[in-house]
S.K.: 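Before I ask anything, let me first share the structure, which is written out below as structure tokens.
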Protein chains: 2
Amino acid sequence: MSTTPMPGRPVRGSTTGRSLMAALDLFGRRWTLRIIWELGNEPLGFRLLQRRCDDMSSSVLRQRLTELQEARLAEVRSDGTYALTTLGHDARKSLDPVIEWSRRWAAALADAPPTTAENADDG
Amino acid sequence: MSTTPMPGRPVRGSTTGRSLMAALDLFGRRWTLRIIWELGNEPLGFRLLQRRCDDMSSSVLRQRLTELQEARLAEVRSDGTYALTTLGHDARKSLDPVIEWSRRWAAALADAPPTTAENADDG
DNA sequence: GACAGTGCTTCGGAATTCGAAGCACGCATC
DNA sequence: GATGCGTGCTTCGAATTCCGAAGCACTGTC
């Protein structure tokens with residue numbers, strides 16, 4: 001454990017350790033983006049957060065929460081719930097353009113549906 | 001195969017299929033963010049792209065490239081190199097704030113260095 | 001033909017994720 | 001004080017994903 005990507009130290013699969021690569025590595029882990037997003041809406045307890053994340057595995061959630069805490073993006077509040085730190089909220093806000101893009105993405109795919117094989121005509 | 005997250009269809013572990021969740025799932029796969037980033041700088045051939053991504057596994061690169069093509073973010077050009085589509089470049093641009101955030105992240109951690117697991121319990 | 005570089009595939013092993021179960025705890029109700 | 005419920009968190013076997021080295025077919029150069 002404790003392989004949390006951090007700026008300034010080597011990133012998984014890399015030796016550069018540039019902050020961007022560290023961020024890309026941190027965010028490129030399953031559920032991390034989603035957790036930040038859900039936590040950005042409101043502080044949540046462990047089990048409720050798990051439910052919000054499509055009932056993701058509790059073991060992985062625990063690991064992600066630890067990573068997020070080590071990376072100073074999340075913290076435990078006095079009432080026991082998890083919340084984003086100032087840095088965490090800042091990160092979540094940086095995700096806003098991605099959110100907007102996803103809408104354009106959906107619209108673009110709707111306009112020009114993929115003609116690939118596996119996507120048969122479903123009405 | 002073909003588990004590429006797409007807006008409008010169920011996302012891995014989910015049944016909502018909202019475009020945001022699809023995007024979060026797509027980006028939350030190892031190397032995906034990095035590939036988009038590298039391809040955003042310039043079109044690259046398979047092996048060169050692999051090198052740019054810290055010599056990531058070719059099998060995974062192949063899979064990511066397929067997913068990116070299915071998601072209409074990347075395409076193969078006439079000269080055989082891979083490049084981002086308009087949608088892909090749009091996505092990469094939406095990542096810019098994340099880049100900027102990663103710098104602030106590095107700066108914040110430098111100011112208040114992590115207490116590295118078992119720490120001196122300061123205040 | 002020998003050599004080098006390309007995109008891409010295969011495959012055994014390592015790492016990550018999953019999912020269900022369980023533990024210790026607090027808090028009501030009985 | 002026993003029962004039931006909900007919590008945060010842990011454990012662990014299995015499924016999935018990722019890794020990494022090797023190899024194939026093809027292209028171009030000498």
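Labels below follow one simple rule: chain letters A, B, ... track the order of the sequence lines, proteins then strands, and each chain is numbered from 1. What you are looking at is a predicted structure, and each value in this text was computed from that prediction instead of being measured.
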S.K.: C:dA20, C:dG19, C:dT17: which one has an atom nearest the side-chain heavy atoms of A:S58?
M.R.: C:dA20
S.K.: Can you confirm whether the side chains of A:E70 and A:T4 place a donor and an acceptor under 3.5 Å from each other?
M.R.: yes
S.K.: How many Å lie between CZ on B:R34 and C1' on D:dC18, as a whole number?
M.R.: 16 Å
S.K.: Please confirm whether the shortest side-chain N or O distance from B:R29 to OP1 or OP2 of D:dC18 is below 4.0 Å.
M.R.: no
S.K.: Figure out the CE/P separation between B:M56 and D:dC19, and round it to whole Å.
M.R.: 6 Å
S.K.: Please determine whether a side-chain nitrogen of the Lys or Arg among B:R34 and B:D54 lies less than 4.0 Å from a carboxylate oxygen of the Asp or Glu.
M.R.: yes
S.K.: For A:D55 and C:dT17, what is the distance between atoms CG and P respectively, to the nearest whole Å?
M.R.: 18 Å
S.K.: Between atom CG in B:D54 and atom C1' in D:dC18, what is the gap in whole Å?
M.R.: 15 Å
S.K.: Does C:dT17 have its OP1 or OP2 closer than 4.0 Å to a side-chain nitrogen or oxygen of B:R30?
M.R.: no
S.K.: Rounded to the nearest 0.5 Å, what separates atom CZ in B:R52 from atom CD1 in B:I35?
M.R.: 13.5 Å
S.K.: For the CZ atom of B:R64 and the SG atom of B:C53, what is their distance to the nearest 0.5 Å?
M.R.: 11.0 Å
S.K.: May I have the distance from B:Q63 (atom CD) to C:dT9 (atom C1'), rounded to whole angstrom?
M.R.: 13 Å
S.K.: Give the rounded distance in Å between these two atoms: CG of B:L61 and C1' of C:dC8.
M.R.: 10 Å
S.K.: Taking 4.0 Å as the cut-off, does a side-chain nitrogen or oxygen of A:R47 come that near to OP1 or OP2 on D:dG6?
M.R.: no
S.K.: Take atom CG of B:L68 and atom C1' of C:dC8, then tell me their distance rounded to the nearest Å.
M.R.: 17 Å
S.K.: Using atom CD of B:E67 as one end and atom P of D:dT17 as the other, report the distance to the nearest whole Å.
M.R.: 9 Å
S.K.: OP1 or OP2 of C:dT10 versus the side-chain N and O atoms of B:R62: is any pair under 4.0 Å?
M.R.: no
S.K.: Side-chain N or O of B:W31 less than 4.0 angstrom from OP1 or OP2 on D:dC19?
M.R.: yes
S.K.: Check every atom of D:dC9, C:dC18, D:dC18 against the side chain of A:S59 and return the nucleotide holding the closest atom.
M.R.: C:dC18
S.K.: Which part of the nucleic acid, if any, lies within contact of B:R77, taking any heavy atom under 4.0 Å across all strands shown: a base, the sugar-phosphate backbone alone, or nothing?
M.R.: nothing
S.K.: Can you tell if the side chain of A:L65 reaches within under 4.5 Å of the side chain of A:L49, non-hydrogen atoms only?
M.R.: yes
